[in-house]
Amino acid sequence: MLDIRLFREQPDLVRTALANRQMDPSVVDEVIALDERRRTLVRRVEDLKAKRNAASKEIGRTKDAEERAKKIAAMRAVSDEIKQLDAELRELEARLRSVLATIPNIPDPRVPIGKDENDNVVVKQVGEPQEFPFKPLPHWEIGTKLGIIDFERGVKLSGTRFYILKGMGARLERALIAWMLDLHRSQGYTEIYPPFMVKEAAVFASGQLPKFRDNLYHDAEEDFWWVPTAEVPLTAMHMDEILEGETLPRYYTAYTPCFRREKMSAGRDVRGIKRGHQFDKVEMYIYSRPEESDAALEKMLADAEATLAGLGLTYRVVQLCTGDLGFAARITYDLEVWAPGLGEWLEVSSVSNVGDFQARRANIRYRPEGGGKPRFLHTLNGSGLGLPRTMIAVLENYQQADGSVVIPEALRPYLGGAEVIKPQ
RNA sequence: GGAGGGAUGGCCGAGUGGACGAAGGCAACGGUCUUGAAAACCGUAGUGGGCGCAAGCCCACCGGGGGUUCGAAUCCCUCUCCCUCCGCCA
């Protein structure tokens, strides 16, 4: 949610931001008009209320019955008008809120301007795509041959985009999760185990609603929404709170499954485990003072990179351009890992500073050290990492000519010391 | 799922239609006293919004939303959450 004052004081800033995001800037005028009408109404209704409050106090003091009746009669009309204006105001504010809720964050000035993902900028690359003495297989072939991924039974259970991990496949998934959580813990993050279903207000707070309603699963009878990312509970857990300044920055990490309908990607990436309706992810999240959020972004990016480096994988850092930036983000770096079997770079992490955008929606503030007015804080989120694509990278990069897969050293302690996955 | 009881400021807690933004206590902050501290005493204190250069004035907020009334913390409806008992259950 953007500060309404931006629309009053710097409307062109918002218009430019929307244009850079390839969106129609005309909503800005709608917001300004609604805001002006709102303020006019507020003034009128508050004047009337002040009048009514004064008169009511007087009525309370008036002893004479006839005098009293007269005053009450006079106030009845005022009260009716207030009622009517209040209703009008309520409706107006609801409309203003709902329009505001659909407007994305303003990109950081450092974000390159561009149309779509083709204009993203590769910031750096670590490692080189590995040369194989044989033709590297895609992970679905490796996984099926090893007997650790069972697509047919996943589909039998739940339909397309589902699969079963079995034996060393399931254990590898669990090892990756545990290793990542331990890594982030050592980087200073506090581990959180949140609910996987949350209220609508929680999904709104992080900005997934109302815009991405079609991509979310929710219970038909009750107010339960399946989390599409741990970012949702990690944002909403501090909803409506004022945090003490000295407790910032706060670093959190959480593992959750993520549930997405993928309506917008219908027909894309249906092969393998690249894009499922349910996938695991380990997330990092930071609550920071505004002046420290730039530094927090650097730290989070480095922490995410450490996972890929720790697994010995080749990756690159890509800065998203304005046209490809997520709804809530101000600035985002994607981490892409090389998958030799697929022959492509896979997005495994997205690290963003959203500024005070989510904090405004979720009403999360902090009280500066030494007192003073509560201020909105900044939040940052980053995957560290998405599990299926990390799994793809591990399987495809560590595959051997004989069909086995060598287990990255970092994960071996989590797998009883096993060094290689052989057909089972 | 059934029956009952609750939700008031940072915390505890009073308040069942009229000077209540809310008694009292604790905690906090400032001050007086003191060599210093404690105690005691005095004082200040919430959030959001509107108007204003500002001082300040006004409006709203007693779990959320709606209603009754000239006037609601107080009455009515509704939702959420918490507690107790019963039932069911991994």
Side-chain angles (χ1 to χ4, degrees), chain A residues 1-9 31-101 193-205 209-210 218-225 233 236-248 257 356-377:
Chain A
M1 192 87 78
L2 294 177
D3 189 345
I4 186 71
R5 272 172 295 207
L6 278 180
F7 293 82
R8 287 179 204 157
E9 291 158 18
V31 169
I32 291 171
L34 285 170
D35 179 51
E36 271 169 14
R37 275 194 54 207
R38 179 187 156 264
R39 280 190 294 168
T40 309
L41 259 180
V42 164
R43 248 171 287 156
R44 269 176 65 198
V45 79
E46 287 191 353
D47 277 354
L48 288 173
K49 281 181 180 174
K51 198 186 290 178
R52 183 182 68 182
N53 287 344
S56 288
K57 279 183 186 172
E58 228 180 279
I59 289 168
R61 269 185 258 118
T62 306
K63 294 284 187 299
D64 182 72
E66 204 174 311
E67 187 79 5
R68 233 176 127 96
K70 226 192 283 175
K71 285 177 174 164
I72 288 174
M75 270 307 111
R76 198 161 285 150
V78 174
S79 195
D80 283 348
E81 195 180 350
I82 289 173
K83 214 163 285 176
Q84 196 196 317
L85 291 178
D86 259 342
E88 216 175 303
L89 190 60
R90 251 201 312 273
E91 200 185 312
L92 197 61
E93 286 182 333
R95 226 168 60 229
L96 181 59
R97 250 199 320 276
S98 71
V99 173
L100 228 38
Y193 176 86
F196 300 158
M197 295 188 289
V198 299
K199 299 183 203 182
E200 180 169 352
V203 193
F204 180 87
L209 277 179
H218 66 101
D219 187 277
E221 290 172 8
E222 305 202 55
D223 186 18
F224 283 128
W225 296 70
M237 66 189 253
H238 286 307
M239 226 172 357
D240 296 318
E241 289 184 31
I242 299 174
L243 306 178
E244 288 307 324
E246 51 266 27
T247 67
L248 298 177
D356 62 9
F357 191 80
Q358 286 174 332
R360 280 179 190 283
R361 286 182 158 243
N363 188 30
I364 305 170
R365 291 167 294 169
Y366 75 101
R367 193 174 305 278
E369 288 98 317
K373 284 262 170 206
R375 301 170 63 195
F376 287 111
L377 43 74

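Small disclaimer: the values here were computed from a predicted structure and weren't measured. Labels below follow one simple rule: chain letters A, B, ... track the order of the sequence lines, proteins then strands, and each chain is numbered from 1.
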Using modelled atom types and a 3.5 Å cut-off, is there a donor and acceptor pairing between side-chain atoms of A/S79 and backbone atoms of A/M75?
no

Could you tell me whether the side chain of A/L2 reaches within less than 4.5 Å of the side chain of A/F357, counting heavy atoms only?
yes

Contact under 4.0 Å: A/R8 side-chain N or O vs B/G50 OP1/OP2:
yes

Kindly check if the number of other-residue, nucleotide or ligand heavy atoms within 6.0 Å of CD (A/E246) is above 12?
yes

Identify which nucleotide among B/C70, B/C59, B/C51 has an atom closest to any side-chain atom of A/R39, counting heavy atoms from C-beta outward.
B/C51

Distance between C1' atoms of B/U69 and B/G17 (Å, rounded)
9 Å

Does the pair A/R39/A/D35 count as a salt bridge with the N-to-O cut at 4.0 Å?
yes

Distance, C1' atom - from B/C77 to B/G24, rounded to whole angstrom:
34 Å

Please classify the nucleic acid contact of A/D223 as base, sugar-phosphate, or nothing, using heavy-atom distances under 4.0 Å.
nothing

Donor-acceptor pair, distance only, cut-off 3.5 Å: does the side chain of A/T40 make one with the backbone of A/E36?
yes

Rounded to whole angstroms, how far apart are CG on A/D240 and C1' on B/U80?
14 Å

Please measure how far the C1' atom in B/A28 lies from the corresponding atom in B/C11, and state the result in whole Å.
11 Å

Which listed nucleotide (B/G49, B/C70, B/C59) is nearest to the side chain of A/R38?
B/G49

Any N/O pairs under 3.5 Å between the protein and nucleotides 64-67 of chain B? List them or say none.
{"residue": "B/G66", "atom": "OP1", "partner": "A/R90", "partner atom": "NE", "Å": "3.3"}
{"residue": "B/G66", "atom": "OP1", "partner": "A/R90", "partner atom": "NH1", "Å": "3.4"}

Could you tell me whether A/K49 contacts a base, only the sugar-phosphate backbone, or nothing, with contacts defined as non-hydrogen atoms closer than 4.0 Å?
sugar-phosphate

Side chain A/R68 and base B/G18 donor-acceptor under 3.5 Å:
yes

Looking only at the side chain of A/P374 (C-beta and beyond, no hydrogens), which of the listed nucleotides B/U47, B/C51, B/C58 gets closest?
B/U47

Between B/A22 and B/G9 - P atom distance, rounded Å:
15 Å

Nearest-angstrom distance from the residue atom CG of A/L41 to C1' of B/A60:
16 Å

Report yes if the side chains of A/F204 and A/R361 come closer than 4.5 Å at any heavy-atom pair, otherwise no.
yes

For A/R360, is the CZ atom crowded, meaning more than 12 foreign heavy atoms sit under 6.0 Å from it?
yes

Name the nucleic acid region contacted by A/K373, choosing base, sugar-phosphate or nothing; use a 4.0 angstrom heavy-atom cut-off, strictly under.
sugar-phosphate

Would you indicate whether A/R38, at its atom CZ, is surrounded by more than 12 heavy atoms from other residues, nucleotides or ligands within a distance under 6.0 Å?
yes

At 4.0 Å (heavy atoms only), tell me whether A/R61 reaches a base, stays on the sugar-phosphate, or touches nothing.
base

Contacts of A/R367 and A/A73 projected onto RNA chain B by closest heavy atom; the upstream (5') one is A/R367

Is any side-chain heavy atom of A/P194 closer than 4.5 Å to a side-chain heavy atom of A/M237?
no

Mind checking the C1' distance from B/G15 to B/G25? Whole angstroms is fine.
15 Å

Between A/R365 and A/D356, is there a salt bridge with N-O shorter than 4.0 Å?
no

What pattern of brackets, bars and dots sums up RNA chain B from 5' to 3', given Watson-Crick or G-U wobble pairs under 3.5 Å, [ ] for crossing pairs and | for another strand?
((((((((.[[[..)..(.....]]].(((((.......))))).((((((....)))))).[[[[[..)....]]]]])))))))....

Could you state the CD-C1' distance from A/E93 to B/G48, rounded to the nearest angstrom?
11 Å

A/K199 side chain: which of B/U80, B/C70, B/G50 is closest?
B/U80

Between B/G71 and A/S79, is there an OP1 or OP2 to side-chain N/O distance shorter than 4.0 Å?
yes

So, is A/R43 close to the B/G50 phosphate, meaning a side-chain N or O under 4.0 Å from OP1 or OP2?
no

CD1 of A/I72 versus C1' of B/U68: gap in Å, rounded?
14 Å

Starting from P on B/U80, measure out to CZ on A/F224 and report it in whole angstrom.
11 Å

Look at all strands and tell whether A/A50 reaches a base, only sugar-phosphate, or nothing, counting heavy atoms closer than 4.0 Å.
sugar-phosphate

Side-chain contact check for A/N53: nearest option of B/C59, B/C51, B/C70 is B/C59

Taking only side-chain N and O atoms of A/R52, does any of them lie within less than 4.0 angstrom of OP1 or OP2 on B/C58?
no

Under 4.0 Å, heavy atoms only, any strand: does A/R365 hit a base, just the sugar-phosphate, or nothing?
sugar-phosphate

To the nearest Å, give me how far apart NZ (A/K57) and C1' (B/C59) are.
12 Å

C1' spacing across the pair B/A72 / B/G21, given as an integer number of angstrom
14 Å

Please state how far atom CD in A/E81 lies from atom P in B/C70, giving the value in whole angstrom units.
16 Å

Please give, in whole Å, the distance from B/C29 C1' to A/E244 CD?
14 Å

Taking A/L34's backbone N and O only, do any of them form a donor-acceptor pair with A/R95's side chain (distance below 3.5 Å, no angle check)?
no

Would you mind reporting whether A/D219 and A/M197 have side-chain heavy atoms less than 4.5 Å apart?
no

Work out how far the C1' atom of B/G6 is from that of B/G13, and round it to whole angstrom.
14 Å

For atom P, what is the distance between B/G66 and B/C53, given to the nearest Å?
33 Å

